[in-house]
Structures are given as structure tokens and as C-alpha cells.
Amino acid sequence: MEVRRFRRNKLVGVVIAFGFAWISCQHDPQREPFLHEDYIQSAYFSGGTTTVFDASPSAFTKPLNNLSPENLQRFLQGEAIFNGDFNNVVNSPFYGLGPQFIESSCVNCHVGNGRGALSSISHQGLLLRISMQGTDGFGAPLEVPFFGTQLQTNSINNSPAEGALDVLWEYQPVVFPDGYSVVLKQPYFSISNPYHPLPEFYLRGGRHAAPIFGLGLLEAVPIATLESIADEPDQNEDGISGKLNYVMDFQVNELRPGLFGWKSSSPGILQQTADAFHQDMGITSPIFPLENCNNQSNCQGVQEGIDIEGDLLSDVVFYLRTLAPPARRNLEDPLVQLGGQLFEELKCDKCHIPELQTGIHPIAELSFQTIRPYTDMLLHELGPGLGDGRPDYLAGANEWRTPPLWGIGLTKTVFPNAGFLHDGRAETVEEAILWHEGEAIFSKQSYLELSSSQREALLRFLESL
Ligand code: HEC
Ligand code: HEC
């Protein structure tokens, strides 16, 4: 009897131990992250303690949740300039527009601080980068004579604009194995009515205004972290490389890692902002003190002096650095959880890396935050369908920086006409996925093979970001 009981207890013990192992396996945050309660709690906070809980149309316009009252004042000063409508009326607080420009305010392109319109329905937030074949000694694209590196489609003082941006669309149906189909639209850009003859051959690429919240946190991620993720020779042989761009920093006249722009062509928020004022609005600043006129006969009405002084420029930069990312939503939804698993299985997370840590930053609120931006901030080759034939420093014709996916589910809440991808060609995130090729070919192929309910789950997950 004694022996038998011992044996039975032993068996029960084994069953219990196995059961514990099974349960703990279910709750192991490493193995089943999308079901783990602590994971769910922390995953709501896309920007650590800076996160704002706002899913309204103004979700992208909020200051960091932990911003101090003094810093909030500066945020508001910068916001007023970002939203200001610039003009060429002397003594106006927003004086300085033109002579050549595209839009009169930042927010007209970055609608609701998000992106521009679907480019097949409107050109809001869309611009054309142009250049000649070849590079300067630092790898920068070469100017098109009499035009520069960006087409300005507007001007002041009745002088002619550089030209108009035209787009032709080619339709490409994609049929899934289960019969479901989607039509992709490929844009071809050209310039009509140029004020001066254009060279026979020049490179061109459409660029679409990108969301501008959370950029301070991304800038606060140590470059060493990005270098450690980069795998240009693909040493781990997962088919995915990822590299940093190195671009001219005009503050110090040295090449620095590129962080912003769809091809990582800008080293930081300051230069990106000064460049936007200069190229998109014709507003000079201490970083770009000369009007954007390349020996242009149409540059009339050029005023002496700098249009936006350094302190006001840095207020706008401060505003951009302290715009918060929005919290996630619906993490308890089982479809969202399944979608999260598929996001890993399809290797989306190899480029759209869920989690990064910020380092120390002069704006204390940005320091040492665990953020969930879904990007590696690196360039990847995504195939000729997305390529624009226009390299930018080390970014090849078909290479793009992985865009952050945080907040992407709120895109249409903020701006119902918004488009996705670098030139705003994609109407839905599903279209955006179907454009992935090159290093992301596995992800795209696997997406095509999903069942309709799995597709729904993945899209529901993206909707929750
Ligand atoms: C004509 C439309 C337009 C205007 C006006 C405009 N932008 Fe942009 N913005 C863009 C486009 C297009 C991009 C992407 C550029 C690229 O990929 O190189 C962009 C990118 C950015 C980025 C980088 C986002 C990222 O994640 O890479 C920032 C920051 C930015 N703009 C700030 C501003 C500020 C500040 C202003 C006003 C001074 C402004 N923009 C005015 C169209 C515009
Ligand atoms: C090899 C790296 C890589 C992989 C893998 C990858 N992506 Fe991307 N993703 C990118 C890059 C780079 C872009 C920008 C392409 C462009 O704009 O031309 C992008 C763009 C996107 C966009 C549009 C973002 C925007 O701001 O417009 C979405 C949505 C997206 N990816 C989702 C996914 C999903 C879902 C998967 C997995 C099925 C995936 N990606 C796999 C690199 C990758």
C-alpha cells in the first residue's frame, strides 16, 4: 500500500509539475508576450511616461505627458509658429514667405501634425525632390541648374513659380490566393510649365509629409543603439540588413548619422526644421541664411536679412521635440493579440522594431524612456516598385528608412484623406504592406498567404498602434 501510494503521489507530482511548467510557459513574457498582463499594461505606453491618452482628431498635437510647466510655455510658443500662416506683408509676425515656396505653413502639409493627403486625390503635403545624376564630394545629390533640389510650385510678387507637379498613375491589381484582390497605384512624377527649360534627364522622387510627433524621443535614442541594430553585411543571414545614412550636418559641416526624412537625409530635428522653412516655405534662418534661389530669374521680391531668427527657430524645434506619441488602444482584443503574433511571424518586427530605449537628453522629460515606436531608424532596400531612382547620400534609389508605426492606427481619425508610404501613394495600410519587396519580400509573401481572418487580425493590430 505504502509503495503504491508513493508511486501515485509521484505521478501526481509529475502531472502537477508538468502543469506548472505549461502554465508558466503560457505566462512567460518572453514566449507569449501578447497575452501577458504586465506586457499589456506597459504596451499601452508607446512613449513611456511621455505618452498621452488621446485618440481624438487632435491626438498628434499634445505635449509630452510629463512636460514641466516652464517647458509647456516654450512648447506653446513653438506651436504658434508651426501653425502660423506665413506671408510677405512687412511687419506681419509671420513675415518672410517666398519668393519661391510650396506652402505657407508647416501644418498645411503636416495635417493635424500627421501626414499629407493620399497623393492620387490631392497634392496636400506632397513635394518633388529633383537632382542631376551624381553627387558632390560628400555624397549629396546635385542641384538641377536653375531649380535646385526641390520643386517650388508657388511664388510671391507675381513672379512665375518654378513649375507644376504632375503625376501619372499606373494601376496594378494584386490577387490573393483566396481570390481577394487589391489595386495598387504607382505614381510617375513630372514637371509641367517649368519657368526655365529643364535638362533632358534629371532624377526625381515624390515625398509626402510624415507625422511629426514623438520625434524628440527618436532623436534621444543613442546612435550606438542604432549602430548595434544595423547589419549592413547581413551577418545574421536573416535577409534583412539595415544601415545608417551619413549626411551633412550644416551646423558643424560634418557628416552625421541621418535620422529624419524618408531616406534619413537629415541629421536631426533642427536641420530638418530649418530646411523645411527654407525649401518648403522660402523662409531663411541662421542655418540657411540665403534665399532658395539658384541663379533664378523668377526670384523677385528677395528681402535682405534673415526671416526667422534663431530663438524662434529653436522654439519650433522645441515644440517638435516635445510632441507626445499617443497611447495604444484595444490591447485586450484577442484579434489584436493574434495580429501581434502574426506581426512577429511575418518578420515585420525585424525592421519595425517594437521597443527602444532613449538615453540621456538635455530635455530631461525625454531621457531614459522605454518607447515603442516600431522602427529601427535604419535604411532598407524595399525593391524597385517603391524605388525612385534618386539616391540621397548613402541611401540607394530603392532604400527607405523604416518609418515608425506608432500612432498609425489614428492616421485617418486625424486626417481622413491621409495617404501612406513615402509619396502618399497607399490609401490603406494593407496597400502599404503589399508594396514591400526587397528585404521585406518574406513579409509580403507571407501576408499574401494569410487567411482573411488572419489578415483582419494583423490589420486590427496595426489599427491598435
Ligand atoms: C510642402 C509641404 C511641407 C511643408 C510646408 C512642411 N513640410 Fe515637413 N515634411 C514634408 C515632407 C514631404 C517631408 C518628408 C521629407 C523627406 O522625406 O525628406 C517632411 C518631413 C518633416 C519632418 C521629418 C519627419 C520624419 O519623421 O522624418 C519634420 C520634423 C518636418 N517635416 C517638420 C516641418 C516643419 C517644422 C515645417 C514648417 C517649418 C514643415 N515641416 C513644413 C512636407 C512639408
Ligand atoms: C526589411 C524591413 C521591413 C520589413 C520586414 C517590413 N517593413 Fe514595413 N516598411 C519598411 C520601410 C523601409 C517602409 C517605408 C517604405 C516607403 O515609404 O517607401 C515601410 C513602410 C510600412 C508601412 C507604411 C508606413 C507609413 O508611415 O506610411 C506600414 C504600414 C508597414 N511598413 C507595415 C509593415 C508590416 C505589417 C510588415 C510585415 C508584414 C512590414 N511592414 C515589414 C520596412 C520594413
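If you read the sequence from its start, that first residue is 1, and numbering goes on from there. All values below come from the heavy atoms of this structure, side chains included, with hydrogens, waters and symmetry mates left out.
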Please name the pair of heavy atoms, one in [X] and one in [Y], separated by the smallest distance, quoted to 0.1 Å.
X: R329; Y: A55; answer: CD-CB, 3.6 Å
X: I371; Y: W406; answer: CB-CZ3, 4.1 Å
X: L434; Y: L448; answer: CD2-CD2, 3.8 Å
X: L335; Y: D333; answer: N-OD1, 2.8 Å
X: A220; Y: L366; answer: CB-O, 4.3 Å
X: V111; Y: V414; answer: O-CG1, 3.7 Å

Decide side-chain hydrogen bond (donor to acceptor under 3.5 Å, both in side chains) for S92 and N87; before the verdict, give the C-alpha distance in whole Å, the side-chain angles of both, and the deciding distance to 0.1 Å. CA-CA 8 Å; S92 144; N87 54 49; 3.1 Å; yes
Does N83 form a side-chain hydrogen bond (donor to acceptor under 3.5 Å, both in side chains) with Y319? I'd like the steps, not just the answer. CA-CA 11 Å; N83 291 337; Y319 169 68; 4.9 Å; no
NZ/NE/NH1/NH2 to OD/OE distance under 4.0 Å, [X] and [Y]:
X: D231; Y: K243; value: no
X: K263; Y: D388; value: yes
X: E456; Y: R460; value: yes
X: E219; Y: R321; value: yes
X: D392; Y: R390; value: yes
X: K444; Y: E437; value: yes

Do [X] and [Y] pair up side chain to side chain, a donor and an acceptor below 3.5 Å, judged on atom types alone?
X: T284; Y: D307; value: yes
X: Q150; Y: D280; value: yes
X: D85; Y: S105; value: no
X: N71; Y: E365; value: yes
X: S241; Y: E439; value: yes
X: R372; Y: S46; value: no

With distance as the sole test, does [X] use its side chain to make a donor-acceptor pair with the main-chain N or O of [Y] at under 3.5 Å?
X: N88; Y: G96; value: no
X: Q271; Y: M248; value: yes
X: T322; Y: F318; value: yes
X: T370; Y: Q357; value: no
X: S443; Y: L346; value: yes
X: T225; Y: V221; value: no
X: N154; Y: I102; value: yes
X: R401; Y: L259; value: yes
X: H208; Y: G116; value: yes
X: Q77; Y: R74; value: no

Quick one: are [X] and [Y] in side-chain contact, heavy atoms under 4.5 Å?
X: E291; Y: P99; value: yes
X: L270; Y: L313; value: yes
X: D249; Y: L255; value: no
X: Q251; Y: I287; value: yes
X: N193; Y: I191; value: no
X: L405; Y: T375; value: no

Derivation of the side-chain hydrogen bond (donor to acceptor under 3.5 Å, both in side chains) call for T61 and N113: CA-CA 6 Å; T61 64; N113 287 1; 5.4 Å; no
Pairwise distance [atom1]([X]) to [atom2]([Y]) - rounded to 0.5 angstrom:
X: K412; Y: L410; atom1: NZ; atom2: CG; value: 13.0 Å
X: C348; Y: L458; atom1: SG; atom2: CG; value: 5.5 Å
X: E170; Y: L184; atom1: CD; atom2: CG; value: 11.0 Å
X: N298; Y: N157; atom1: CG; atom2: CG; value: 11.5 Å
X: Y393; Y: Y246; atom1: OH; atom2: OH; value: 14.5 Å
X: T273; Y: I269; atom1: OG1; atom2: CD1; value: 7.0 Å

If you count every heavy atom of other residues, nucleotides or ligands that lies below 6.0 Å from Y180 atom OH, does the total exceed 12?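 More than 12 heavy atoms, drawn from other residues, nucleotides or ligands, come within 6.0 Å of this atom.
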Does atom CG of D311 have more than 12 heavy-atom neighbours, drawn from other residues, nucleotides or ligands, at distances under 6.0 Å?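 Yes, because the 6.0 Å sphere around CG of D311 holds more than 12 heavy atoms from other groups.
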Of F277, F86, F82, which is the lone residue that meets ring-ring contact (aromatic ring centres under 6.0 Å, His included) with F94?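 The option that passes is F86.
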Taking the six-membered ring of Y202, is the NZ or CZ of R204 close enough (under 6.0 Å from the centre) and on axis enough (within 45°)?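 Pair R204/Y202 counts as cation-pi.
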Taking the six-membered ring of W435 as reference, does the NZ or CZ atom of R425 fall below 6.0 Å from its centre and within a 45° cone about the axis?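 Positive - R425 is close enough to the ring of W435 and near enough to its axis.
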Is the Y374 ring parallel, tilted or perpendicular to the F343 ring (thresholds 30°, 60°)?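 Judged by the thresholds at 30° and 60°, the geometry between Y374 and F343 is perpendicular.
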How are the rings of W262 and H422 set relative to one another: parallel (under 30°), tilted (30 to 60°) or perpendicular (over 60°)?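 Perpendicular.
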Using the rule given for side chain to side chain contact (heavy atoms under 4.5 Å, CB included), can you reason through I229 versus L356, listing the C-alpha separation, both sets of side-chain angles and the distance that settles it, and then say yes or no? CA-CA 11 Å; I229 307 169; L356 293 170; 3.9 Å; yes
Kindly state whether the ring of Y195 and the ring of F147 have centres lying under 6.0 angstrom apart.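 Centroid distance Y195-F147: below 6.0 Å, so yes.
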Distance flag, aromatic centroids of F45 and F53, threshold under 6.0 Å: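 Between F45 and F53, which both carry aromatic rings, the centre distance is below 6.0 Å.
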Given the rule in the side chain to side chain contact (heavy atoms under 4.5 Å, CB included) test, do D423 and R207 qualify, once you have shown the distances and angles that lead to the verdict? CA-CA 5 Å; D423 50 17; R207 295 285 184 281; over 6 Å; no
Have a look at Q296 and tell me which of H196, Q100, E162 forms a side-chain hydrogen bond (donor to acceptor under 3.5 Å, both in side chains) with it.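 The passing option is E162.
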Would you please test T51 and N65 for side-chain hydrogen bond (donor to acceptor under 3.5 Å, both in side chains) and show each step? CA-CA 6 Å; T51 311; N65 200 27; over 6 Å; no
Let me see the working for F250 and F288 under ring-ring contact (aromatic ring centres under 6.0 Å, His included), right down to the final yes or no. CA-CA 9 Å; F250 292 105; F288 298 110; 5.5 Å; yes
